[in-house]
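I'd like to ask you about the structure that follows.
What you are looking at is a predicted structure, and each value in this text was computed from that prediction instead of being measured. Count residues from 1 along the sequence.
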Amino acid sequence: MKSPLLTLPGAVPAEGVDEGVAAHYGDLFREQRALADGTGFVDLSHRGVVTVTGDDRLAWLHLLLTQHVSDLPAGQATEALILSANGHIEHALYLVDDGETVWAHVEPGTQDALIAYLESMKFFYKVEVADRTADIAVVHLPAGSIAEVPQDVAVRETPYGRDLFLPRADLEAYAGQAGPPAGILAYEALRVEQHRPRLGFETDHRTIPHELGWIGSAVHLQKGCYRGQETVARVQNLGKPPRRLVFLHLDGSEVHLPVAGTELRLADDGPDGRKIGFITTSVRHHELGPVALALVKRNVALDAPLVAGDTAAAQEVVVEP
């Protein structure tokens, strides 16, 4: 979905997964500072939107998701995962129930596979699953924002801000009153600062929730009856995940950021040392400078200096070893 807000002054289109919205509107750091101060908004209208309606919607989703949602109060935001039979992460859903409908936004382009899975699991439950991406746009208001929220719009309120499920036809008009726009790069910079993982960025085909710190926030340990639950319980009770998410402070003297996939090595081992991890997301932050999220082997020493390609990196713990 190509956003109409790409016609706003200074808009530079994003690339890759986030194609369809603005990377920035001409001043990346100003946009970051505005979001950090609770002003402006982020156009996330490229994200997939899925709804579930019907009397059994919460009980049914409770059987499929990693999160406890059978008694989810109306208006309370939560997030949840769908795992493979082996416990690997396949989908991440950011959802809220408004009393009649469960609204969820997901990574761009993943809604078709998600809906196909949900449809295959309906059985005799009274539920209807719908792809609302074509008519609903997600808009993010940062924490502390006093921007007006239209009536009759589903809202996910989180510590990081509010996600609005706005009719796509109203997107341009709302942008005109919601304050200065901020691009996806500003949003991503704050996400990295907040150590929040993202499906397809911090995950690969073998990622399990424990590696990213999603236990608790997206995985409820006191419930069962979902695909992959055995792996979650076994790792939680009997072992440790093979990798862990870390936050990296990168050498600010380098002109180029190490891109996603850049191999990490122990600095003491030199350029020919063994790979101990890789960059997942790297950004330039308005206060912290160049920083990144990365996955490293669990047994890497917490104080070990690292090298991302040829860029020095110091790690900060996100997931305990």
Side-chain angles (χ1 to χ4, degrees), residues 66-67 79-81 83-84 86-90 92 159-160 188-224 226 228-252 257-283 285 288-321:
T66 57
Q67 188 58 273
E79 56 189 70
L81 308 175
L83 308 180
S84 72
N86 293 323
H88 301 138
I89 299 169
E90 292 190 344
Y160 310 106
E188 283 289 282
L190 298 189
R191 178 182 72 82
V192 170
E193 176 196 11
Q194 294 154 355
H195 306 167
R196 294 189 288 137
R198 183 177 173 188
L199 183 77
F201 287 63
E202 280 61 58
T203 68
D204 57 23
H205 67 283
R206 59 193 181 97
T207 306
I208 60 175
H210 311 70
E211 296 177 321
L212 304 184
W214 254 330
I215 300 299
S217 63
V219 178
H220 195 289
L221 292 176
Q222 274 66 59
K223 64 155 289 190
Y226 61 87
Q229 186 267 339
E230 295 84 356
T231 297
V232 170
R234 184 167 61 250
V235 173
Q236 185 70 22
N237 296 325
L238 301 176
K240 295 285 187 178
R243 303 175 297 182
R244 57 183 177 88
L245 186 69
V246 296
F247 179 76
L248 297 179
H249 295 270
L250 303 171
D251 182 357
L257 285 173
V259 298
T262 300
E263 294 184 352
L264 288 168
R265 292 176 170 79
L266 297 174
D268 293 344
D269 290 349
D272 297 325
R274 66 186 178 90
K275 173 185 172 182
I276 54 88
F278 59 93
I279 297 286
T280 58
T281 306
S282 59
V283 297
H285 190 274
L288 301 175
V291 292
L293 293 175
L295 278 174
V296 301
K297 294 182 182 296
R298 178 175 55 85
N299 59 1
V300 172
L302 301 181
D303 58 352
L306 308 177
V307 175
D310 56 5
T311 300
Q315 58 175 314
E316 190 175 301
V317 176
V318 177
V319 174
E320 294 288 343

**Request:** Step by step, work out the side-chain contact (heavy atoms from CB on, under 4.5 Å) result for Val300 and Leu266.
**Result:** CA-CA 9 Å; Val300 172; Leu266 297 174; 4.2 Å; yes

**Request:** Let me see the working for Glu316 and Val318 under side-chain contact (heavy atoms from CB on, under 4.5 Å), right down to the final yes or no.
**Result:** CA-CA 7 Å; Glu316 190 175 301; Val318 177; 6.0 Å; no

**Ile279 vs Val259, side-chain contact (heavy atoms from CB on, under 4.5 Å): CA-CA, chis, key distance, verdict** = CA-CA 7 Å; Ile279 297 286; Val259 298; over 6 Å; no

**Residue pair Pro209 / Gly87: nearest heavy atoms and the distance that separates them** = CD-O, 3.7 Å

**Item:** Min side-chain heavy-atom separation His88-His205 under 4.5 Å
**Value:** no

**Prompt:** Under the side-chain contact (heavy atoms from CB on, under 4.5 Å) criterion, do Trp214 and Thr66 qualify, and how do the steps go?
**Reply:** CA-CA 10 Å; Trp214 254 330; Thr66 57; over 6 Å; no

**Prompt:** Would you find a donor on one side and an acceptor on the other, under 3.5 Å apart, between the side chain of Glu90 and the backbone of Leu81?
**Reply:** no

**Prompt:** For the atom pair CG (Leu295) and CG (Leu212), what is the distance rounded to the nearest 0.5 Å?
**Reply:** 6.0 Å

**Asked** Do you know which two heavy atoms are closest between Val283 and Ala189, and how far apart they sit?
**Response** CG2-CA, 3.9 Å

**Item:** Any donor-acceptor pair under 3.5 Å from Glu211 side chain to Thr203 backbone
**Value:** no

**Prompt:** Which atoms form the tightest heavy-atom contact between Val235 and Ile208, and what is the distance?
**Reply:** CG2-CD1, 4.1 Å

**Request:** Identify the two heavy atoms, one from Val232 and one from Leu221, that lie closest to each other, and give their separation to 0.1 Å.
**Result:** CG1-CD2, 3.9 Å

**Prompt:** Distance from Lys297 atom NZ to Lys275 atom NZ, nearest 0.5 Å?
**Reply:** 8.0 Å

**Fill in**
d(Leu250 CG, Leu288 CG) to nearest 0.5 Å is 11.0 Å

**Pairs involving residues 197-210, ordered by first then second residue, that meet salt bridge (Lys or Arg N to Asp or Glu O under 4.0 Å) (sequence neighbours left out)** = Asp18-Arg198, Glu107-Arg198, Glu188-Arg198, Arg191-Glu202, Asp204-Arg243

**Message:** For a 4.5 angstrom cut-off between non-hydrogen side-chain atoms, does Leu248 reach Val291?
**Reply:** no

**Prompt:** Is any side-chain heavy atom of Arg244 closer than 4.5 Å to a side-chain heavy atom of Val246?
**Reply:** yes

**Fill in**
In terms of heavy-atom contacts, Glu193 and His285 come closest through OE1-NE2, 3.0 Å

**Asked** Taking everything shown except Lys240 itself, do over 12 heavy atoms lie less than 6.0 Å from its NZ?
**Response** no

**Item:** Heavy-atom check, side chain of Arg298 versus side chain of Pro321, under 4.5 Å
**Value:** yes

**Asked** What closest approach, in Å, do Val319 and Gly213 show between heavy atoms, and which atom pair accounts for it?
**Response** CG2-N, 3.4 Å

**Prompt:** Has the side chain of Thr231 got a donor or acceptor atom that lies under 3.5 Å from a matching backbone atom of Asn86?
**Reply:** yes

**Fill in**
Value for NE2 (His210) from CZ (Arg234), rounded to nearest 0.5 Å, stands at 9.5 Å

**Item:** Minimum side-chain heavy-atom gap Leu306-Ile276 below 4.5 Å
**Value:** yes

**Item:** Thr280 (side chain) donor-acceptor with Leu293 (main chain) under 3.5 angstrom
**Value:** yes

**Asked** When you measure from the side chain of Ser282 to the backbone N and O of Ala292, does any donor-acceptor pair fall under 3.5 Å?
**Response** no

**Prompt:** Between the main-chain N or O of Ala218 and the side-chain N or O of Glu79, is there a donor-acceptor pair closer than 3.5 Å?
**Reply:** no

**Prompt:** What is the distance from atom CD of Gln67 to atom OH of Tyr226, rounded to the nearest 0.5 Å?
**Reply:** 9.5 Å

